[in-house]
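A short write-up of the structure that comes next.
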Number of protein chains: 2
Amino acid sequence: MLSLHQLTCFLATYEHGSLTAAAEELGYAQPSVSEQIRGLEKSLGVPLFRRVGRGVVPTTVADTLRPHAERVLAAVDDAQRAVQSAKSFETGTIRFGMFGTARLYAGAGLVADVLSRYPGVRVELIGQNSTDVQEDLRRGRIEAAMIAVPTVGSEGLDVTPVARDELVYISADPTHLESPVGASRLAQAALVMPETTWRADDSTRKVLRQMLLETGRNPQTRIEVEDVETAVELVGMGYADSVIPKGAALQLLPRLAPKAGWVSMRPRQYDMFAVVHRAGATLSPAARLMIELATKRIQEIADPIRPRGSG
Amino acid sequence: MLSLHQLTCFLATYEHGSLTAAAEELGYAQPSVSEQIRGLEKSLGVPLFRRVGRGVVPTTVADTLRPHAERVLAAVDDAQRAVQSAKSFETGTIRFGMFGTARLYAGAGLVADVLSRYPGVRVELIGQNSTDVQEDLRRGRIEAAMIAVPTVGSEGLDVTPVARDELVYISADPTHLESPVGASRLAQAALVMPETTWRADDSTRKVLRQMLLETGRNPQTRIEVEDVETAVELVGMGYADSVIPKGAALQLLPRLAPKAGWVSMRPRQYDMFAVVHRAGATLSPAARLMIELATKRIQEIADPIRPRGSG
DNA sequence: GGAAACCATAGGGATAACCTAGGGTTGTGG
DNA sequence: CCACAACCCTAGGTTATCCCTATGGTTTCC
């Protein structure tokens, strides 16, 4: 089998017209280069140099081989350069998982952060929902993610909470906002809730379900939609009220439901954002970068949870 | 140092998403592939696969590397193929068909051209006449040939005209050369004509037959010989006149018939030289070389016909 | 919970890479 | 014409690499 080392020796020999000179250039002893050339000739089945008196002379086959050999070594060089630049984030792709409402806090801004620091990279923020993201994590398609917890089945995953965000009650009816909303009023409310497809796993709904179950009531929703924006718009039109993270409310209400407002729950309820990755994994620099930037973004909007504290 | 073997293992692993499957494809034991990948990761300084439960998952750096690795291996493949086809010039035999008067233009010189470039090669210039050559082409005994056209039955053959040569009237009698020779004088002349055996297919004779038939006369020849040299010698001795391609006349008259001269026909008549090979065939480098050299030789003597032009 | 799939590690044998030392051949200079 | 210098080749030994089998640790799936 042909090897890069043989091609390197071949080119050096071709250019110098001498095994000794080639060996000197490459930092080997002359017999080593000689052996490489012989091996190459053997594996190709053709003599590449005629051994004449002083020095060696390339055959026509060597003439043919030379540009190809150069192309091979150039391709190898390109490959190494590409990897090195990807390693240092000059090029390449950075992939990060991000679920649900987290994208409202850190989506576009996070991508902007990465691109401003590493203009050459491609950024992929993937994941429609926490189940998807967990599956991607387990299969190794993504290395780390920022998701909302509590979430189902986190066995085998390291979950590091980084921020919490208060869940607030939003409504277009000012009378609904005069005082904090407790379980009883929540149970009677007509609600529009997002994340229909993933309703069983949605973290906000889990919090609400628990709040209601603790007081023996059943949750009900009048409208089911997929995305938070639609829910907020419906609230703005007065069709229903909703419960969403405060950060989302502050961001979306002015834009999508200018007449609506918000009020806290009683007791206050929280959504938790956490960094998640496979247990025991050593994170790549890219993953660490994304975690750092995403955490920063989210903590600017939601309440930070410091590594030692628990909430 | 990075090696081709590592890249091969890398690609197999990337495609299968599994070291075991890659090892099986490559015919190695699994730890061997594992070792190659580890070596590659070490020499690049970057993990290429995340070891994840069942199988391995490429990192984004691996995504970056893959097309480059493919390019490298493709370049190696090209190099080997190039060498293998060039090898035939060193040790093999180059066989080329060449008919009739074409050998006067390109015979010995053509062989010399090949041998000066490829000293180790054997050269066979074969073919006594166009019928022979066509048969050899059809049977695959020769790959390509340079022949004189028009010729019979060229179905299944690609015919590429490369040059034309004027047919001139040669004579040892100066009075015969005072003006261009038309059909009437040609019909009355005592001629010596070569290529007796193949007289029906000989291109020069075909041209003359047509010229005479158009004016309602019959061709006649006084002497029939096999080769042009003998015909020219007889012309030199004054036994007869002849009609041969101008290139042959310029080459043979001074040597074989110093007292003879030549004059054009009226209207001017031409022999056509063409490269012929099986229709749709992919020509070997050896055949392409011979075509190139033969074309060059002939075009130095006869009028070139460029690919686009027709006359 | 156990079997199956898969990767990592360990250890050993074959091969290849590389070195130093010395011999043979071809130009070159006295 | 002879000696020297420049090269390449061969020989033999050491070290590193390649590749194997055997085995242990995880994860996945039934």
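All figures in this text were calculated on a predicted structure; none of them were measured in a lab.
Residue pairs meeting the salt bridge (Lys or Arg N to Asp or Glu O under 4.0 Å) criterion with at least one partner in residues 13-28 of chain B, sequence neighbours excluded, are absent. Within the structure, ring-ring contact (aromatic ring centres under 6.0 Å, His included) contacts touching residues 276-299 of chain A (residues at least two apart or in different chains) do not occur. Among pairs with a residue in residues 64-74 of chain B, those fulfilling salt bridge (Lys or Arg N to Asp or Glu O under 4.0 Å) read B:Arg66-B:Glu70, at least two apart in sequence or across chains. Here side chain to side chain donor-acceptor pair (under 3.5 Å) pairs that include residues 278-294 of chain A, with residues two or more places apart or in two chains, are A:Glu143-A:Ser284.
Legend: residues meeting side-chain hydrogen bond (donor to acceptor under 3.5 Å, both in side chains) with A:Asp113, ordered by chain and number and at least two apart, are A:Arg297. Taking A:Pro58 as the reference, A:Tyr14, A:Phe49, A:Ala62, A:Asp63 meet the side-chain contact (heavy atoms from CB on, under 4.5 Å) condition, with sequence neighbours excluded. Applying the side-chain hydrogen bond (donor to acceptor under 3.5 Å, both in side chains) criterion to B:Arg50, with sequence neighbours excluded, gives no partner residue. The side-chain hydrogen bond (donor to acceptor under 3.5 Å, both in side chains) search around A:Gln299 returns A:Arg306, not counting sequence neighbours. B:His5 is linked by a ring pair (Phe, Tyr, Trp, His ring centres under 6.0 Å) to B:Tyr28, counting only residues two or more places apart in sequence or in another chain.
For the strand DNA chain C, secondary-structure stems (runs of at least three Watson-Crick or G-U pairs, all distances below 3.5 Å) span C:1-30 with D:1-30.
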Can you give one letter per nucleotide of nucleotides 15-30 of chain D, 5' to 3': B if a protein heavy atom sits under 4.0 Å from the base, S if only from the sugar-phosphate, - if neither? ---SBBBB----SSS-

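Other residues, nucleotides and ligands contribute more than 12 heavy atoms inside 6.0 Å of the CD atom of A:Glu90.
The distance between atom CG of A:Leu19 and atom P of D:dC8, rounded to the nearest whole Å, is 4 Å.
Contact footprint of chain B on DNA chain C: nucleotides with an atom under 4.0 Å from a non-hydrogen protein atom, first to last in 5' to 3' order, C:dA5 to C:dT9.
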